[in-house]
Amino acid sequence: WITSYVTLIMKQYILLLVLFSVIVSMTSCDLSESGPPDSVSGYAPVYLQKVGSDTIRFLPPEPTVKGGKIYIKDDILYQVELYKGIHIIDISDPEHAEKIGFYEIFGCTQITMQDNYMYVNSSNDFLVIDVSNMMAPKVVDYKKNYFKGIAFPPPPEGGYFECIDPSKGIVIEWKKVTLQSPKCRF
């Protein structure tokens with residue numbers, strides 16, 4: 001009778017284990033979502049249109065929006081404007097610093113200098129720029145795809161987002177929008 005009692009207990013234990021497994025597996029299934037929703041709040045990329053990685057333009061001063069690294073040479077402070085270029089600021093009178101121009105450099109995030117040469121990235125490319133004439137900078141060396149794996153910012157939080165289209169430029173930020181049938185999720 002002990003063997004039949006043990007067999008009965010084992011059968012009940014196995015049945016309980018099977019029932020528990022079925023219940024647990026069903027609660028982890030989300031049968032309500034068969035694909036992306038028709039309309040959902042998410043993020044859309046804001047692009048900076050590529051203007052030519054091997055070119056640089058001197059422009060009038062621009063406001064600092066996403067300031068980055070700084071380099072000081074003599075009485076000039078150079079400040080990266082993330083993904084857009086470099087602010088040129090006269091600091092000869094520190095109490096009255098004045099923006100005097102802006103170098104437009106596509107995808108710029110880094111800067112260093114030696115003598116009259118500025119070394120910057122233009123997205124994944126490497127530029128050496130002669131700035132001896134500040135108002136007329138010249139690219140003297142250009143290496144395409146010199147830096148590998150420079151990433152641009154991901155969406156600020158998980159969820160749906162508009163897929164990135166590299167033909168539109170580089171992603172410099174994200175904005176919250178209502179997406180229609182999104183294909184990408186983070």
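Computed from a prediction, not measured in an experiment: that's the story for all the values here.
- Between Ile88 and Phe58, the closest side-chain pair of non-hydrogen atoms falls below 4.5 Å.
- Nearest approach of His87 to Pro63, heavy atoms of both residues: CE1-O, 3.5 Å.
- For the atom pair OG (Ser39) and CD (Gln180), the distance works out to 4.0 Å, reported to the nearest 0.5 Å.
- In this structure, the side chain of Asp125 engages the main chain of Asn145 through a donor-acceptor pair within 3.5 Å.
- The side-chain heavy atoms of Met134 and Ile100, taken from C-beta on, include a pair separated by under 4.5 Å.
- One distance of note links OH of Tyr103 with CD1 of Ile111; it measures 9.0 Å at 0.5 Å rounding.
- Contact of the Tyr160 side chain with the Cys184 side chain is not registered, since no non-hydrogen atoms from C-beta on lie closer than 4.5 Å.
- Counted within 6.0 Å of CG on Asp38, heavy atoms from surrounding residues, nucleotides or ligands total 12 or fewer; the atom is thus considered open.
- Taking the charged nitrogens against the carboxylate oxygens, Lys69 and Glu81 have no contact shorter than 4.0 Å, which rules out a salt bridge.
- If you chain together hydrophobic residues whose side chains sit under 4.5 Å apart, Met135 and Met118 fall into the same group.
- Classification of the Trp174-Phe161 ring pair by plane angle, with boundaries at 30° and 60°, yields perpendicular.
- One distance of note links CG of Asn116 with CG of Asp130; it measures 6.5 Å at 0.5 Å rounding.
- Listed for the Tyr83 side chain is no donor-acceptor partner under 3.5 Å among the backbone atoms of Tyr47.
- Atoms CD and CG, on Glu162 and Leu179 in that order, are 7.0 Å from each other to the nearest 0.5 Å.
- Phe102 is not connected to Tyr78 by any chain of hydrophobic side-chain contacts under 4.5 Å among Ile, Leu, Val, Met, Phe, Trp and Tyr, and they are in different clusters.
- The backbone N or O of Ser167 lies less than 3.5 Å from a partner atom in the side chain of Asp165, making a donor-acceptor pair.
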Practice item. Let me see the working for Glu173 and Lys66 under salt bridge (Lys or Arg N to Asp or Glu O under 4.0 Å), right down to the final yes or no. Key: CA-CA 10 Å; Glu173 63 185 336; Lys66 288 191 172 182; 3.5 Å; yes
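- Here the CD-CD1 distance, from Gln110 to Ile86, works out to 10.0 Å after rounding to the nearest 0.5 Å.
- Note: the hydrophobic cluster containing Ile105 does not contain Ile89 (ILVMFWY, side chain heavy atoms under 4.5 Å, direct or indirect links).
- At distances below 3.5 Å, at least one donor-acceptor pair connects side-chain atoms of Asn121 with backbone N or O atoms of Ser123.
- Leu59 and Val80 fall into different hydrophobic clusters, defined by Ile, Leu, Val, Met, Phe, Trp and Tyr side-chain heavy atoms under 4.5 Å apart, directly or through other members.
- Smallest separation of non-hydrogen atoms from Pro61 and Gly101: CG-N, 3.7 Å.
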Exercise for review: Please assess Tyr119 against Ile129 for the test side chain to side chain contact (heavy atoms under 4.5 Å, CB included), listing each intermediate value before the final yes or no.
Suggested key: CA-CA 6 Å; Tyr119 301 85; Ile129 304 162; over 6 Å; no
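- Between Val131 and Tyr117, every side-chain heavy-atom pair lies at or beyond the 4.5 Å cut-off.
- In this structure, Ser122 contributes its side chain and Phe106 its backbone to a donor-acceptor pair below 3.5 Å.
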Practice item. Any chance you could lay out the side chain to side chain contact (heavy atoms under 4.5 Å, CB included) test for Tyr142 and Phe126, step after step, and finish with the verdict? Key: CA-CA 6 Å; Tyr142 168 74; Phe126 176 66; over 6 Å; no
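- In the hydrophobic clustering of ILVMFWY residues, with side-chain heavy atoms under 4.5 Å counting as a link, Ile70 and Ile91 come out together.
- Taking 4.5 Å as the limit, every side-chain heavy atom of Tyr146 sits out of range of all side-chain heavy atoms of Asn124.
- With contacts defined as side-chain heavy-atom distances shorter than 4.5 Å, the pair Lys176/Ser41 qualifies.
- Between Ser92 atom OG and Leu77 atom CG the span is 12.0 Å, to the nearest 0.5 Å.
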